[in-house]
Protein chains: 2
Amino acid sequence: MTDKIDSSLQKAQTECMRTGLRLTDKRSKVLKTLLQAGKPLSAYDIADQFKVSFSESLSAMSAYRMLDFLMQAGLVHKLETSNQYLACSHISCEHKHELPQFLICDQCHTVQEIGLGTHLLKELKDSIENTGFTLSSQQLELHGICAKCRADLSPQ
Amino acid sequence: MTDKIDSSLQKAQTECMRTGLRLTDKRSKVLKTLLQAGKPLSAYDIADQFKVSFSESLSAMSAYRMLDFLMQAGLVHKLETSNQYLACSHISCEHKHELPQFLICDQCHTVQEIGLGTHLLKELKDSIENTGFTLSSQQLELHGICAKCRADLSPQ
DNA sequence: TTGCAAAATGTTATGTTATAACATATTATT
DNA sequence: AATAATATGTTATAACATAACATTTTGCAA
C-alpha cells in the first residue's frame, strides 16, 4: 500500500523532471495527501489533512494553487460535480487517458476511474462532433450506486 | 418567441396540475426568467433578474428553493460543472428524456441540450452497468467549442 | 559568488455558491 | 372557522473559490 503510494510519487517526480515541471516538496505532499486518502477531497479538506499528516501549515489558498499545478501536470483530477479533487488512478501505469471517466457512488461517495472502450468513446465523440461541436478534453462524471452499496441496500 | 415561452409556461402549468404539483406564481416567474434568458444562470443571477423583470423582490434563498422545486418537476436542469440552472428545452414538446445531455461552449457559454442516439446511450449505459455500477438518472455535461465560436476563431 | 529574474509560497481580503434555522404567510382540508 | 401542510420571508453562516500583494526560494547569467 505504502509502496504503491511511494512508487506513484516517484513516478510523478520523474515525469515532472522529464517535462520540466517542478514537483516541489509541498506539491508532492499535497499529492501524497490525496493518494493516502484514496478518495476525493475538497481543497479545504486537503489543507486540513495536510496539517495533520505533516505537522506543517497549508492555507486553503495554497492548496488551490498546488491543485492547479497538479491538474496541469495530469496528476490530479477535479470532480466538477462535487467540487472535489482526487489523484489520477493511472499515475503509476503507462496508460495515457485524455478523457477520464468517473463513476461516483452517491451512497458511499467512492469514485471509480474507469476506461470505457475506445470504440464506444469514438462513437460518442463522433456523434457529438457531427453536430458541429468540438469537444475539449472533458471528463465524464456519472453518478449512481456502486456494486457494494447496491448489495448492502438489497440483501437476500 | 414570446409565444414559445408562454406556451411552455402553459404546458408546465398543465403538467404540474396533472401530477399534483403546485406551480405557484413565484415558481412560474422563476421558470419564466430562465426561459427568457435562454441561457444558464446562477441562482443569484436569477434572483437579480427576477427583480428587474417583475419589480418584485426575491432572495437568493428563495431562488434556490424554487429551483429545487422546478428541478423535481423536471422543468429545470442544473449544470453541475458550472453551478448554473437552465430551463429544460423540452418543456413544450412531448419528448421524454431521462438522461439529458448538454454541450457547453467554453467560449460563448451557450448550452445546447442534445439527444444522443438511443442506441449509443444504451451501449454507454450497458458498458457502465457491466462493471456492477447502477446509474441513477444522471446527465452528461460535455465541454468544448460550439460551431459558431469555432468558425469565429479560425476564419477563412 | 553575487545579483537578478522568475517561480513558488505566504497572507489577507473578498467574491461566489449553497444551506440551516426559524418566522410568517398562504393554501387545502376538516 | 380551525388546523395542518405547504410555501415564502429573513437572517445567519457554511463551503467553495479567486484577487491582490508581500515574501521566500530557486535557477541562471554575469
Side-chain angles (χ1 to χ4, degrees), chain A residues 12-13 16-34 37 39-51 54-73 75-86 104 106 109 141, chain B residues 12-13 16-34 40-51 54-73 75-86 104 106 109 141:
Chain A
Q13 186 60 261
C16 283
M17 295 280 268
R18 198 181 63 75
T19 53
L21 297 173
R22 300 210 318 231
L23 186 60
T24 62
D25 182 55
K26 291 236 161 172
R27 286 168 174 170
S28 178
K29 281 176 175 165
V30 165
L31 177 56
K32 186 170 187 177
T33 300
L34 283 173
K39 63 175 184 183
L41 298 177
S42 76
Y44 282 79
D45 289 341
I46 291 167
D48 290 344
Q49 189 53 48
F50 188 102
K51 289 169 204 157
F54 306 109
S55 307
E56 198 176 329
S57 87
L58 186 77
S59 68
M61 177 72 257
S62 292
Y64 276 108
R65 273 194 295 229
M66 287 159 196
L67 288 167
D68 282 344
F69 170 86
L70 294 168
M71 286 189 288
Q72 290 232 338
L75 298 166
V76 162
H77 299 297
K78 177 180 184 184
L79 296 179
E80 297 288 351
T81 55
S82 61
N83 300 307
Q84 291 177 310
Y85 304 82
L86 83 172
I104 304 164
D106 291 329
H109 303 108
E141 298 179 28
Chain B
Q13 186 59 262
C16 283
M17 295 279 270
R18 198 181 65 73
T19 53
L21 296 173
R22 302 215 309 237
L23 186 60
T24 62
D25 181 56
K26 290 235 161 172
R27 286 168 174 170
S28 177
K29 281 176 175 162
V30 165
L31 177 56
K32 186 170 187 177
T33 300
L34 283 174
L41 298 177
S42 76
Y44 283 79
D45 289 342
I46 291 166
D48 290 344
Q49 189 53 49
F50 188 103
K51 289 169 204 155
F54 305 110
S55 308
E56 199 176 330
S57 87
L58 186 78
S59 68
M61 178 72 257
S62 291
Y64 275 107
R65 275 194 294 229
M66 288 160 196
L67 288 167
D68 282 343
F69 170 87
L70 294 168
M71 286 190 286
Q72 289 233 338
L75 298 167
V76 162
H77 299 298
K78 177 180 183 185
L79 296 179
E80 298 287 351
T81 53
S82 62
N83 300 307
Q84 292 177 309
Y85 304 81
L86 82 171
I104 303 164
D106 291 329
H109 304 106
E141 298 179 28

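From a predicted model like this one, the values you see are computed outputs, not experimental measurements. Order of the sequence lines fixes the chain letters, A, B, ..., with proteins taken first and strands second; residue numbering starts at 1 for each chain.
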Next on the checklist: Suppose we screen for salt bridge (charged side-chain N to carboxylate O under 4.0 Å, His left out). Which residues come up paired with B:Lys51, at least two apart in sequence or across chains?
Outcome noted: B:Asp48
Checklist entry - What pairs meet the side-chain hydrogen bond (donor to acceptor under 3.5 Å, both in side chains) rule with one or both residues in residues 62-71 of chain B, with sequence neighbours excluded? => result B:Ser59-B:Ser62
Pairwise N/O distances under 3.5 Å, protein to nucleotides 3-8 of chain D:
unit_1: D:dA7; atom_1: OP1; unit_2: B:Arg27; atom_2: NH1; d: 3.0
unit_1: D:dA7; atom_1: O5'; unit_2: B:Arg27; atom_2: NH2; d: 3.4
unit_1: D:dT8; atom_1: OP1; unit_2: B:Thr24; atom_2: OG1; d: 2.6
unit_1: D:dT8; atom_1: OP2; unit_2: B:Arg27; atom_2: NE; d: 3.3

Checklist outcome for this item: chain A vs DNA chain C, heavy-atom contacts under 4.0 Å, first-to-last nucleotide span, 5' to 3', is C:dA7 to C:dT12
Checklist entry - Taking only residues two or more places apart in sequence or in another chain, which ones pass side chain to side chain donor-acceptor pair (under 3.5 Å) with B:Thr24? => result none
Checklist entry - Are more than 12 heavy atoms from other residues, nucleotides or ligands located less than 6.0 Å from atom CE of A:Met17? => result no
Next on the checklist: My understanding is that only residues two or more places apart in sequence, or in another chain, count here; which of them pass side-chain contact (heavy atoms from CB on, under 4.5 Å) with A:Ser42?
Outcome noted: A:Tyr44, A:Asp45
Next on the checklist: Any base atoms under 4.0 Å from B:Ser57, or only sugar-phosphate, or nothing? Heavy atoms, all strands.
Outcome noted: nothing
Next on the checklist: According to ring-ring contact (aromatic ring centres under 6.0 Å, His included), who are the partners of A:Phe50, at least two apart in sequence or on a separate chain?
Outcome noted: A:Phe54
Checklist outcome for this item: Residues passing the side chain to side chain donor-acceptor pair (under 3.5 Å) test with B:Ser28, sequence neighbours excluded, are none
Checklist entry - Is the base of D:dA19 touched by the side chain of A:Tyr64 through a donor-acceptor pair closer than 3.5 angstrom? => result no
Item to check | Earlier contact from the 5' end, DNA chain C, for B:Met61 and B:Asp45 | outcome: B:Asp45
Item to check | Residues that A:Thr19 engages under side-chain contact (heavy atoms from CB on, under 4.5 Å), provided they are two or more places apart | outcome: A:Glu15, A:Leu21
